[in-house]
Amino acid sequence: MRLHHLLLTLLFLVLSAGSGFTQGISNPLSCRLNRGICVPIRCPGNLRQIGTCFTPSVKCCRWR
């Protein structure tokens with residue numbers, strides 16, 4: 001029974017840690033932490049949008 005509780009706790013920790021990756025990037029700090037840059041227009045060239053910075057019009061872009 002103790003092993004069951006330990007495995008359940010481990011599963012919970014893994015799933016809760018992974019949930020942070022599903023949240024969108026919505027501020028400049030999280031954009032920079034994800035190796036992105038804030039661009040006030042569409043992402044140029046080889047960059048792709050990974051979120052927004054201040055408002056939906058300011059994009060967070062990262063190299064592909």
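In this structure, the separation between CD on Gln49 and CD1 on Ile25 is 10.0 Å, given to the nearest 0.5 Å. Interatomic distance, Ile50 CD1 to Cys60 SG, rounded to the nearest 0.5 Å: 4.0 Å.
Considering only residues two or more places apart in sequence or on other chains, Ser26 meets the side-chain hydrogen bond (donor to acceptor under 3.5 Å, both in side chains) condition with none of them.
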Pairs of donor and acceptor atoms involving the side chains of residues 37-48, under 3.5 Å and at least two apart or interchain, shall be tabulated with distances.
none

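Counting Ile, Leu, Val, Met, Phe, Trp and Tyr side chains that sit under 4.5 Å apart, directly or through other members, Leu29 shares a hydrophobic cluster with Leu33. Applying the 4.5 Å side-chain rule to ILVMFWY residues, one finds Phe54 in the same cluster as Val58.
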